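I'd like to ask you about the structure that follows.
The shown structure was predicted, so the numbers you read here are calculated from the model rather than taken from an experiment. Within every chain, numbering begins at 1; the chains are lettered A, B, ... in the order of the sequence lines, protein sequences first and strands thereafter. Only this structure's heavy atoms are used, side chains among them; waters, hydrogens and symmetry mates stay out.
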Amino acid sequence: MTPEQYYADPENWGSYQYTSMVDIVNNFTYMYVGNDKQLNNVRRTEIIFYTKEAVKLLNFDAKVNPLKAIELTVGDDLKFVLPSDYVNYVRISLEVNGVLRQLFENRQANTAVGYQQDANGDLIFDINGNVMTEISALDLARVNPSQYSGPGPYDGYYGWLLDDEWYFGYSIGPKYGVDPSEMTLGPTFRVNNGVIDFSSGMANQSLVIEYISDGIVSDDKIIVHKFAEEFVYRYIKWKLLNNKYGIPAYEKKMARDEKQAEFRNAKLRLSDIHPSRLLMSLRGRSRQIK
Amino acid sequence: MIDNVRNTVLSIISKDNRGYITPEEFNLFAKQAQMEIFEGYMYDYNNAISKQNARMINDGYANILNKLEETIDIFRPAPSTLTYASLNFLLPSDIFFINSVIYNNTTEVEKAPYNILNLLSSNMTAPSTLYPVYTQGANKIKVYPSTIIADITLDYIRIPADPKWTWSTLSGGEPLFNQGATDYKDFELPPVDEPRLVVKILQYAGISIREAEIVQAAKTEEIQDKQEKN
């Protein structure tokens with residue numbers, strides 16, 4: 001690639017930091033597999049599989065790729081379908097006037113699928129024998145809370161009227177007897193079966209979700225940072241040796257130790273410690289504490 | 001080379017009027033002998049690799065492995081493009097061993113394991129145009145993904161062509177060698193294997209004319225040859 005080609009296409013910018021999976025598979029096949037090497041009779045599909053495993057491991061444990069962040073508006077149903085390459089969220093924030101307010105997961109915020117029943121209480125099935133479903137009363141109540149109007153600090157708030165008692169999702173002021181680990185000033189959410197369910201009050205609100213992916217969405221897009229490239233080779237080698245018959249235990253152990261050492265090296269290199277950043281951090285010593 | 005081999009064989013078996021083999025018999029024995037030696041290259045190659053891994057093969061002229069590779073490569077024609085028909089790519093009729101299958105001149109197509117269905121449904125290693133695979137059938141291969149219907153090139157080792165000692169006229173009751181015949185075909189093995197061809201043909205000829213001494217002598221020669229090489 002000439003410098004002109006490099007600068008012309010934004011997709012090329014910074015690409016020199018990375019090695020593609022195609023190159024890794026080719027390099028490994030040529031340099032580590034052969035009749036005069038520790039590994040022979042290895043199928044390429046095995047190398048591809050373990051390369052992807054290594055990339056996943058790097059994404060989960062060494063955070064080699066930057067976090068993905070997307071902004072969107074929550075619909076009236078208070079549900080947000082997870083991104084196609086979502087593995088786990090790092091932070092979900094409510095965006096208010098350019099400021100992000102972190103939201104917290106509330107595992108007690110329940111949701112359920114409603115099964116349709118006839119007048120006798122029996123389940124209704126479709127022609128394929130599957131139970132017919134509907135939005136549960138629980139979800140409807142969460143999506144469509146009632147507005148409380150009456151005395152007290154909750155006047156005008158949305159809540160739920162159950163057994164002549166009003167319940168509110170969140171509020172201000174002291175609450176006695178509640179679990180502090182579940183208390184938060186703001187809407188809450190819960191990740192459920194491919195969607196994020198939000199508490200009431202999030203409808204039509206803008207939010208930012210930061211999440212991690214495993215980095216293996218498409219074969220031709222899989223890349224590995226050069227700092228971690230050696231680890232990927234050692235990981236594949238270890239996995240292949242480990243799964244073969246007739247390999248002495250000491251060879252497997254050596255391969256595993258090499259893999260571990262390279263993983264530590266990769267994490268150190270990827271930790272991105274620059275002297276200038278260290279200097280700025282050390283300047284924090286002069287901060288006055290009241 | 002084929003005329004030399006025949007003359008040597010005849011001179012040995014004709015000694016003391018033991019017997020005679022016709023040109024047709026010689027051609028049959030020559031074909032068998034060539035195939036046997038050719039197939040033996042693969043076993044020799046495998047043994048040489050084991051010796052190399054035991055650090056028993058040295059460099060330079062002592063590198064038997066390289067020599068064997070060069071010998072086998074004699075039977076490696078230029079890669080050819082395969083024809084697509086009825087969802088398969090047709091293999092050449094003289095194929096002995098597939099070296100590699102290449103897609104689009106850039107991507108190697110890997111031979112798939114027998115449980116292709118598992119591979120096809122894999123979420124991690126399903127074949128793609130980036131990493132295609134093939135399965136082999138009788139004189140054909142099937143390439144996955146099935147969207148690949150062209151640009152498949154085959155690099156292979158072929159079976160040696162059948163040798164044929166040809167003649168046209170008789171001279172003193174003996175057929176006279178005619179190298180210019182259209183169906184003439186010399187041995188394809190390297191000249192260094194001429195003694196092995198003679199020994200092999202002698203074994204077949206000895207059995208044919210029921211001469212146990214010739215068979216025994218040929219076998220002894222073959223065993224000695226193997227021992228020297230090991």
Once you measure the plane-to-plane angle for A/His225 and A/Phe227, does it fall in the parallel (<30°), tilted (30-60°) or perpendicular (>60°) bin?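 Ring orientation of A/His225 relative to A/Phe227: tilted.
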Out of A/Phe104, A/Phe189, A/Tyr211, which one pairs with A/Tyr89 under the ring pair (Phe, Tyr, Trp, His ring centres under 6.0 Å) rule?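 Answer to the ring pair (Phe, Tyr, Trp, His ring centres under 6.0 Å) test with A/Tyr89 among A/Phe104, A/Phe189, A/Tyr211: A/Phe189.
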Determine whether the side chains of A/Asn12 and A/Ser15 contain a donor N or O and an acceptor N or O closer than 3.5 Å.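 Side-chain D/A pair, A/Asn12 to A/Ser15: absent.
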Heavy-atom contact with chain B under 4.5 Å, split by part of A/Val25: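 Side chain only.
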Aromatic rings A/Trp238 and A/Tyr235: how do their planes relate, parallel, tilted or perpendicular, breaks at 30° and 60°?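 If you compare the ring of A/Trp238 with that of A/Tyr235, the planes turn out perpendicular.
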Against A/Ile24, only a single residue in A/Ile47, A/Ile222, A/Thr51 fulfils side chain to side chain contact (heavy atoms under 4.5 Å, CB included); can you say which?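 Running side chain to side chain contact (heavy atoms under 4.5 Å, CB included) over A/Ile47, A/Ile222, A/Thr51 with A/Ile24 returns exactly one hit, A/Thr51.
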Counting only non-hydrogen atoms closer than 4.5 Å, can you tell me which residues of residues 240-256 of chain A sit against chain B?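 The residues closer than 4.5 Å to chain B amount to none at all.
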Side-chain donor-acceptor pair under 3.5 Å between B/Glu69 and B/Tyr45, yes or no?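 Their side chains do contain a donor-acceptor pair, which is all the 3.5 Å distance test asks for.
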Heavy-atom distance under 4.5 Å to chain A: side chain of B/Leu119, backbone, both or neither?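 The side chain, not the backbone.
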Looking only at side chains, do A/Tyr233 and A/Glu229 share a donor and an acceptor under 3.5 Å apart?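 Side chains of A/Tyr233 and A/Glu229: pair found under 3.5 Å.
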Between A/Ser218 and A/Asp220: side-chain donor-acceptor atoms closer than 3.5 Å: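 There is such a pair (donor and acceptor under 3.5 Å, judged by atom type) between the side chains of A/Ser218 and A/Asp220.
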Chain B: which of A/Ile48, A/Asp36, A/Asn40, A/Asn26 shares the most heavy-atom pairs with it under 4.5 Å?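 Result: the option with the highest number of such pairs is A/Ile48.
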Residue part contacting chain A, namely of B/Gln52, when any heavy atom lies under 4.5 Å: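 Just its side chain gets close to chain A.
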Heavy-atom pairs under 4.5 Å with chain B - which of A/Lys52, A/Glu46, A/Arg43 has more of them than the others?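 So the answer, after comparing A/Lys52, A/Glu46, A/Arg43, is A/Arg43.
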